[in-house]
There are 2 protein chains.
Amino acid sequence: MSKKLDQATQTLKTPRSRRSNGNGLSSTTIMDVAREAGVSYATVSRVVNNKEYVKSDTRERVLKAITSLGYVVNQQARSLAGGRSYAVGLLVRDLGSSYMGEIVKGIDDALSAAQYNLMLYTTHRRKIKERIYVNNLIQGMTDGLLLVLPENLEAYLETLDQTHFPYVLIDHQGLDERTPVVITTNWQGGYDATRYLIELGHRRIGFITGMLDMLSSQDRLSGYQAALRDNGLPVDPQLVYEGTFYQPGGYSGAQSLLGLPEPPTAIFASNDVMAFGVMEAVRDAGLRIPSDISVIGFDNIAQASQVAPPLTTVAQPLEQLGREAVRMLLVRMNNPEQPIERSILPTTLIIRQSCDVPRNV
Amino acid sequence: MSKKLDQATQTLKTPRSRRSNGNGLSSTTIMDVAREAGVSYATVSRVVNNKEYVKSDTRERVLKAITSLGYVVNQQARSLAGGRSYAVGLLVRDLGSSYMGEIVKGIDDALSAAQYNLMLYTTHRRKIKERIYVNNLIQGMTDGLLLVLPENLEAYLETLDQTHFPYVLIDHQGLDERTPVVITTNWQGGYDATRYLIELGHRRIGFITGMLDMLSSQDRLSGYQAALRDNGLPVDPQLVYEGTFYQPGGYSGAQSLLGLPEPPTAIFASNDVMAFGVMEAVRDAGLRIPSDISVIGFDNIAQASQVAPPLTTVAQPLEQLGREAVRMLLVRMNNPEQPIERSILPTTLIIRQSCDVPRNV
DNA sequence: TTTATTTATGCAAACGCTTACAGAAAAAGA
DNA sequence: TCTTTTTCTGTAAGCGTTTGCATAAATAAA
């Protein structure tokens with residue numbers, strides 16, 4: 001079994017200038033590995049990509065060479081040749097909220113488990129230009145796109161669909177049923193929280209909405225209303241305050257509700273951040289939580305358990321939302337023909353200490 | 001002036017399969033533009049890269065072709081050929097704090113202005129493996145690296161230095177003076193805040209530190225101590241509580257300080273998040289801010305102005321920190337020989353309503 | 001004019017990889 | 001043993017750029 005020691009008779013054109021990746025260190029290429037292992041570079045490629053038809057003997061030899069040389073594939077080259085970049089784009093409006101933080105964590109974990117890189121695009125609430133997509137995404141910079149709470153979807157969803165570019169929306173219903181999304185049971189969450197308050201004995205429950213242009217906000221509101229109806233309570237529009245998803249919205253919402261001739265005994269804010277605003281306003285009004293006013297939130301961000309009193313809230317599985325989105329995206333990237341999935345994850349009511357039976361009961 | 005209409009006689013080998021970037025739409029290449037403009041692809045490349053020696057006439061023709069065809073360069077190919085990926089890596093421990101959010105915003109803005117892409121790497125407080133770097137960064141995935149508050153620096157700084165890979169640390173002093181960093185005047189910030197409290201009349205000022213393994217935490221503490229000394233006040237170790245930079249740390253710190261036989265009349269927390277914890281503890285103790293206890297923070301995150309009472313704090317120019325880091329990184333990437341810069345941005349005392357003269361004065 | 005410069009442009013090679021194709025070796029059938 | 005099939009490996013082409021070199025065109029100098 002004489003090993004072919006004649007080595008690679010491979011075209012040994014003198015390179016323009018032994019590439020040094022722009023910085024120091026000239027990186028080892030597939031060629032170096034091939035030479036070291038005494039095989040052709042094609043074989044090395046097969047091993048690296050786990051293709052069949054490589055003798056296990058050879059495979060091992062190559063693997064050994066790879067480790068000994070510390071070879072890692074050059075994504076750019078791989079992408080050029082094979083058409084895959086092993087990166088996905090993540091489009092968010094901004095970072096810095098724990099809502100985003102948790103979703104991104106899920107995405108990040110799932111993606112790195114799948115050996116993918118993450119390209120971040122932040123819109124910072126300015127209208128993003130189509131260009132970003134054409135420029136970077138479609139041009140092969142990334143193999144897929146994740147959009148968290150996208151804003152002016154109409155502007156680019158069409159482009160994405162036309163080019164059959166794989167994408168998944170996170171916490172957004174999409175334009176129609178054929179949009180791949182990962183969402184949560186917002187309606188049910190709204191319903192559950194409201195019912196819980198009703199069961200505690202509350203009869204007048206204030207509700208602070210999120211931004212109503214988002215379907216998720218509307219769903220939470222509908223859930224709230226449905227729970228009232230189902231329990232024979234009136235749906236008083238006075239008790240609904242249109243909020244913003246930001247803390248000041250919760251603060252002024254609570255002020256407004258508490259100023260009502262017949263104020264509510266409980267306030268349900270459409271997210272935790274607004275619930276914090278509510279808590280502040282309640283305190284500023286000289287009232288106590290939960291004895292005077294019960295407060296309930298939505299999201300269950302990390303801070304919710306840290307405030308005083310710990311906030312009762314509807315948990316969205318944020319991190320899992322991210323993971324699931326990645327899972328779906330990977331499927332779409334690998335099987336474009338697969339029918340479109342819509343994933344709906346369950347919310348859970350997390351009971352802490354910000355709600356109690358109403359005083360007047 | 002008969003235009004050469006014979007067009008490109010360029011090697012028209014039949015392509016393996018008109019590339020369709022993995023998805024739909026076959027993208028237009030430099031060749032298409034060349035054909036359209038009636039020049040060679042090399043000329044198109046020159047135009048795209050703004051090189052000299054292109055007749056303005058030609059340049060315009062090419063530019064027109066580019067827009068009409070909607071051509072955008074393929075980064076992968078460019079990177080393969082030219083050794084630049086036009087992407088930088090961003091390594092953060094986690095997202096989801098507005099501290100990070102603001103820094104990232106600055107980075108993001110500056111980077112996209114420079115036409116660079118952003119690859120995100122999140123450590124999530126687990127030890128990152130060297131591999132990430134070798135794998136992705138050094139291998140040409142990115143041209144440079146930004147590290148925000150890096151954790152176990154020693155583990156990889158050496159690798160970065162050895163390979164001359166361009167990087168900049170953000171809000172971290174680095175290992176020595178030759179590390180390129182962007183930091184703020186932490187000492188001065190600590191000093192200013194403390195002096196302000198002293199000027200208000202406070203004599204016993206509690207201090208809650210950040211994680212003390214970070215130099216910035218130590219600097220804030222030193223600033224605090226220096227201000228006390230400069231004003232002839234005792235430096236009482238009892239008044240210093242070791243915190244964590246997280247809200248519960250502030251809460252328990254305040255509880256501990258308030259429980260002292262001779263409690264402070266003001267508490268200086270090493271960041272805003274902890275200051276929120278302090279505010280909560282103060283309230284829970286039945287005291288009022290600022291009449292009973294003054295509270296001061298550090299960072300000036302967005303929420304600081306939204307809590308009640310609005311928090312007096314030391315502002316760090318977080319967004320600018322990000323911008324400046326990008327500026328420095330770009331310099332390093334383009335002029336590796338340039339001497340190393342260390343950029344120190346000023347903090348500012350932001351006076352709001354959480355501090356007042358002490359009751360006993 | 002003729003020659004030397006400078007400015008423009010094109011050609012071809014190279015970047016590091018994937019993959020179709022073909023040929024060699026090994027295994028299975030006849 | 002001789003085919004046929006299957007498994008393995010190598011060759012070559014191509015992915016879309018950048019860039020050194022050569023040549024052509026336009027200017028400047030002589």
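None of the values given here were measured: they were computed from a predicted structure. Chain letters run A, B, ... following the sequence lines, proteins first and then strands; every chain starts at 1.
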- [ ] Would you indicate which nucleotide in C/dT19, D/dT18, C/dT18 comes nearest to any side-chain atom of A/Lys51?
- [x] C/dT19
Open item on the list: Can you tell me if A/Thr43 touches the phosphate of D/dT9, counting only side-chain N or O atoms and a distance under 4.0 Å to OP1 or OP2?
Closed with: no
Open item on the list: Counting only side-chain nitrogens and oxygens, does B/Ser40 get under 4.0 Å of the OP1 or OP2 atom of C/dT9?
Closed with: no
TODO: Provide, to the nearest angstrom, the distance between the CE atom belonging to B/Met31 and the P atom belonging to D/dT18.
DONE: 12 Å
Open item on the list: Does B/Gln338, at its CD atom, have more than 12 non-hydrogen atoms belonging to other residues, nucleotides or ligands within less than 6.0 Å?
Closed with: yes
Open item on the list: What is the separation between atom CG on A/Leu80 and atom P on D/dG14, rounded to the nearest whole Å?
Closed with: 14 Å
Open item on the list: From C-beta outward on A/Asn49, which listed nucleotide comes closest to its side chain: C/dA12, C/dT9, C/dT18?
Closed with: C/dT18
Task: Interatomic distance where CG belongs to A/Asp57 and P belongs to D/dC8 [whole Å] - done: 11 Å
Open item on the list: Is the phosphate of D/dC15 approached by B/Asn74 (side-chain N or O, under 4.0 Å from OP1 or OP2)?
Closed with: no
TODO: Check every atom of C/dA14, D/dG14, D/dC8 against the side chain of B/Ala81 and return the nucleotide holding the closest atom.
DONE: C/dA14
Task: A/Glu341, CD: over 12 other non-hydrogen atoms inside 6.0 angstrom - done: yes
- [ ] Starting from C1' on D/dA12, measure out to CD1 on A/Ile30 and report it in whole angstrom.
- [x] 14 Å
TODO: May I have the distance from B/Asn50 (atom CG) to D/dT18 (atom C1'), rounded to whole angstrom?
DONE: 15 Å
- [ ] Check every strand shown and say whether B/Ser45 touches a base, only sugar-phosphate, or nothing at a heavy-atom separation below 4.0 Å.
- [x] base
Open item on the list: Please report the distance, rounded to the nearest Å, between CD in A/Gln76 and C1' in C/dC17.
Closed with: 11 Å
Task: Under-4.0 Å side-chain N/O to phosphate OP1/OP2 contact, A/Ser79 with D/dC15 - done: no
Open item on the list: Using OP1 and OP2 only, check whether a side-chain N or O of A/Arg78 sits under 4.0 Å from C/dT18.
Closed with: yes
Task: Value in whole Å for how far the P atom of D/dG16 lies from OH of B/Tyr71 - done: 10 Å
TODO: Ignoring backbone atoms, establish whether B/Tyr53 has a side-chain N or O less than 4.0 Å from OP1 or OP2 of C/dT7.
DONE: yes
Open item on the list: Between P on C/dG16 and CE on B/Met141, what's the gap in Å once rounded to a whole number?
Closed with: 14 Å
